[in-house]
Amino acid sequence: MAMTGFDLPLGTPLPDFTLPFGGKEGSWSTAAAKGKPLLVLFICNHCPYVIHIAHKLAELAKDWQRAGLAVVAINSNDPQTYPDDAPEKMPAEAARAGYDFPYLFDADQSVAKAFHAACTPDIFLFDAAGKLFYHGQFDAARPKNEEAITGKDLDAAVRAVLAGADAPSKVQPCMGCSIKWRPGNEPQ
């Protein structure tokens, strides 16, 4: 289990990236979200923390997208050591979970490093100006606790960014499985 370290300060500019869709033709670029708030989710196929929230995340993401939020997910795990996270398996996982947003593959893990992503899920919400607005948990639900899966922490942040309100003052860090770095590619 890993927790984010909040080492990407609020107000940090969105790192530009272009990544291919996992297991499908084409790619997605941050240019597609220019001028819109953007939610960037570091997730993967096998992580029990992601699986635990996947259906609620998919449901909320549909509402958020209708309200004007761009949403994208990124799998940065090494498929050599974690074959369940291979890009060709990503479309089936997206369909199972109900994701209606781009699910991208970060083969060289450079995007995860640019974001200082540490775990799955790791959640980054940027405002329409491309500045980091929220970096925190989805909610307090975990695979082995009794908390209801609501997405309330992230939902409050999304509602605030869409309304032009202030970012939440109290934020709990993301918690989940560590990103599975390629041997020798671990961040410093």
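Computation of the quantities below employed the complete heavy-atom set of this structure, encompassing side-chain atoms and omitting hydrogens, waters and symmetry-equivalent molecules.
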For this session: Provide the closest heavy-atom pair for Ser27 versus Thr18 in the form atom of the first, atom of the second, distance.
Result: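 What the structure gives for the nearest pair is OG-CG2, 3.8 Å.
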For this session: Compare every heavy atom of Ala97 with every heavy atom of Ala58, then report the nearest pair and how far apart it is.
Result: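 That would be CB-O, 3.3 Å.
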Is the shortest heavy-atom distance from the side chain of [X] to the side chain of [Y] under 4.5 Å?
X	Y	answer
Pro48	Cys177	yes
Cys174	Thr120	no
Leu69	Leu38	no
Tyr49	Pro121	yes
Phe115	Leu14	yes
Phe124	Leu132	yes
Leu60	Val158	no
Thr12	Leu10	no

Problem set entry | Gap separating the CD atom of Glu186 from the CD1 atom of Ile179, nearest 0.5 angstrom |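 So the gap between those two atoms works out to 12.0 Å.
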Exercise. Going from SG on Cys119 to CD1 on Ile43, what distance comes out if it is rounded to the nearest 0.5 angstrom?
Worked result: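 It is 12.5 Å, given to the nearest 0.5 Å.
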Under the side chain to side chain contact (heavy atoms under 4.5 Å, CB included) test, which residues partner [X], sequence neighbours left out?
X	result
Pro102	Phe21, Trp28, Val72, Leu104
Asp108	Asp106, Ser110, Arg182
Lys113	Trp181, Asn185

Exercise. Between Phe133 and Phe126, does a ring pair (Phe, Tyr, Trp, His ring centres under 6.0 Å) hold up when you go through it step by step?
Worked result: CA-CA 5 Å; Phe133 182 84; Phe126 293 84; over 10 Å; no
Exercise. Are Tyr103 and Asn45 linked by a side-chain donor-acceptor pair shorter than 3.5 Å?
Worked result: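 Present: a donor and an acceptor within the cut-off.
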Exercise. Just by distance, with hydrogens left out, do Asp122 and His135 show a side-chain donor and acceptor under 3.5 Å apart?
Worked result: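 A donor-acceptor contact under 3.5 Å links the two side chains.
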For this session: Output every pair passing salt bridge (charged side-chain N to carboxylate O under 4.0 Å, His left out) with a member in residues 127-151, not counting sequence neighbours, ordered by first then second residue.
Result: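 Passing the test, one end in residues 127-151: no pairs.
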Exercise. Can you list every salt bridge (charged side-chain N to carboxylate O under 4.0 Å, His left out) pair that touches residues 79-101, not counting sequence neighbours?
Worked result: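 Salt bridge (charged side-chain N to carboxylate O under 4.0 Å, His left out) check on residues 79-101 returns Asp84-Lys89, Glu93-Arg96.
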Problem set entry | Worked verdict on Phe42 versus Val111 for side-chain contact (heavy atoms from CB on, under 4.5 Å) | CA-CA 10 Å; Phe42 286 86; Val111 177; 4.1 Å; yes
Tell me if a side-chain donor or acceptor on [X] pairs with a main-chain N or O of [Y] at a distance below 3.5 Å.
X	Y	answer
Gln65	Ala61	yes
Lys180	Ser178	yes
Gln109	Ser76	yes

Exercise. What residues, two or more places apart in sequence or in another chain, satisfy salt bridge (charged side-chain N to carboxylate O under 4.0 Å, His left out) together with Arg159?
Worked result: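 With neighbours one apart ignored, the set is Asp155.
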Problem set entry | Within one Ile-Leu-Val-Met-Phe-Trp-Tyr cluster: Ile51 and Tyr82, side-chain cutoff 4.5 Å |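 No, separate clusters.
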Exercise. Applying the 4.5 Å side-chain criterion to the ILVMFWY set and letting contacts propagate, would Ile123 and Leu162 be lumped into a single cluster?
Worked result: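 Yes, Ile123 and Leu162 fall within the same hydrophobic cluster.
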For this session: Look at atom CG of Asp166 and say whether more than 12 heavy atoms of other residues, nucleotides or ligands are closer to it than 6.0 Å.
Result: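 Atom CG in Asp166 is not crowded, with 12 or fewer foreign heavy atoms closer than 6.0 Å.
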For this session: Could you give me the CA-CA distance, side-chain angles and deciding distance for Tyr134 and Val171, then say whether side-chain contact (heavy atoms from CB on, under 4.5 Å) is met?
Result: CA-CA 8 Å; Tyr134 176 83; Val171 177; 3.7 Å; yes
